[in-house]
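Structure first, commentary second.
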Amino acid sequence: MERLDEIAVRLAGISDPVRLLQGIFAYAPFGLQVYRADGHYILTNKAFRDLFGSEPPPEYNILHDDIAEKQGLLGLVKRAFAGETVQTPTFWYDPRDLQTVHVTEGRRVAISITLLPLFGASATVEHVALVFKDQTEETLARERAEAAQAEAEGLAAHRAEQERWLQTVLDQMPMPLIFVEPTTARVFFANAAANKIAGGSLARPESAEDYLRLFDIRDLEDRPLRVEDVPAVRAARGEAVSDAQIRWYTSSGMKVITIHAARIPAMLGHPETVLIAFDDITALKDAQAQLEEAVRVRQDFLSIAGHELKTPLTSVMLNVHAVDTSLRAGARADDPRLTARWQALVRQVGRLEGLVNQLLDVSRITAGKMVLMPEPIDLGDLVREVVDRFAPAPGITSESAAAIEVRVAGRVDGVWDRLRVEQILTNLLSNAVKYGAGRPITVEVGAAGPGDDAEAWFAVRDLGIGMSTDELGRIFGRFERGVPERNYGGLGLGLWIVRQVVDAMGGNIAVDSAPERGSTFTVRLPRRH
Ligand code: ADP
């Protein structure tokens, strides 16, 4: 009140105060409107009309403003008309939306209003002045920002769902997969198969250097990898990686791993990603090595076989030629030179036959076509018979010149395939002669235990070159030879055949040997099989 009085005093000093106040009202840069106490307005300024795009029609009454009512602001307006200065929050207002009056021209604006009751002399509200603040720009900007944020949040939620779905799919795949960030080589996803191959949970490198810290990885020659050679790092740096093979030492042993990488460009809101698929090919590599070894052994065998067959064949050719020449020169059949040639021919052809038989035996045994024809046999007799065949023929100084002693403890009867037992003995004796360094050879025959489950055994012992542990591990293999080919002939098949025959008869063979100390091969056979 006092303030108004003071203003009245000051205005009294001006020649035309009404004109001054008119000017302020008219040119104020914010919307102003004055209402009567009954809710009808009497004045608006230019800023008001610019703000709303028009003036309300005369019948408009703010106390019945349906927009204010809908916004829940009518109570606030009424309080101002009851004498209280009030301030509305910011709200959207378009005069064309008014239902109580008809407005055709207007603008939609965001406003906040200060309502000032103006009292008359009797201290009752005679007018209410409204001061409008235009908040359209700020409100639009804020609403846009909120909408953008909501959209971003919606997108992020959607992407998270998509990623969860994709991870579920990738976890079902049997192939280990990881996602790697380009450039940094950071691993940000590993599927279930990748975790499994790592023994539970795959370590996640954050940088290229991390790979060497977290994994013991090497090249196929077992040299530790350099950072720039790690396939995932190469792929992250933009190199094409396909079937890169490395060794990976995990808690469950060494694995050979093959690695493929694919670059997925940025798309559908996802950044560029390097997809790395890898697989454990240890078993495959082992099989490959075994196959290569098998092929090598067979190639060696072919050259040995060719050589082995060629040696006696050359002698046969020479002897045949010599016999032919002698006969043409009129030699008689009982000429001693011819006889020696004939005997040599018989030995050489016999050797050829032996070699060919071995080859045939191998294919027969491999095809599972070994047939046994058991008959009652006295093993002691059979051994003596075979040993007799090794006695040098009169007049011939052969390689089998070593003395062979037979020791038999009583009768050793059993039911066996005679030819196969002979074959076992012949092979073991030939080896004893071949590798026996010309020293005496012993064959012992015996039996263990009475009754049907009793065993018969024989042991062939020589005092020759013997074998190293390494050789002992190989000699029963097919085409395997312990000795260098140039020193001793042979196909490397004899012991393999012996082991197959002994197995087929339900027995077993053992060897006891040391280099330069000779070898003892002991065969045990059930008396009946
Ligand atoms: P081959 O005698 O034709 O080479 P075998 O299968 O009979 O083939 O023998 C395989 C290998 O076992 C021989 O190459 C030899 O190294 C070794 N071996 C066999 N018997 C003896 C033995 N009595 N003394 C020493 N080494 C032997």
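Heavy-atom basis, side chains included; hydrogens, waters and symmetry copies ignored. Whatever order the structure lists them in is the order used to number ligands and atoms, beginning at 1.
Some N or O of Leu495 is nearer than 3.5 Å to an N or O of ligand 1, by distance alone. Checked by distance only, ligand 1 and Gly492 come closer than 3.5 Å through their nitrogen or oxygen atoms. Considering backbone and side-chain N/O atoms, Ile465 never comes within less than 3.5 Å of an N/O atom of ligand 1.
Residues passing the side chain to side chain donor-acceptor pair (under 3.5 Å) test with Glu209: none are found, sequence neighbours excluded. Glu239 is linked by a side chain to side chain donor-acceptor pair (under 3.5 Å) to Arg234, counting only residues two or more places apart in sequence or in another chain.
Donor-acceptor pairing under 3.5 Å is recorded for the side chains of Gln423 and Asp361. No side-chain donor from either of Thr258 and Asp279 sits under 3.5 Å from a side-chain acceptor of the other.
Counting only non-hydrogen atoms, the option in Asn431, Val433, Asp462 that gets closest to atom 20 (N) of ligand 1 is Asn431. Ranked by closest heavy atom to atom 13 (C) of ligand 1, the top entry among Trp496, Phe521, Tyr435 is Tyr435.
Taking the charged nitrogens against the carboxylate oxygens, Arg159 and Glu163 have no contact shorter than 4.0 Å, which rules out a salt bridge. Salt bridge status for Asp324 with Arg328: present, with a side-chain N to carboxylate O gap under 4.0 Å.
The atoms of ligand 1 that sit less than 4.0 Å from any heavy atom of Leu493 are 6 (O), 8 (O).
Under a 4.0 angstrom heavy-atom cut-off, Lys434 registers as being in contact with ligand 1. Ligand 1 is never approached by Gly464 to a heavy-atom distance shorter than 4.0 Å. Contact analysis leaves Phe476 out of contact with ligand 1, as no non-hydrogen atom separation drops below 4.0 angstrom.
Looking only at distances, a side-chain donor or acceptor of Thr136 sits under 3.5 Å from a matching main-chain atom of Ala110.
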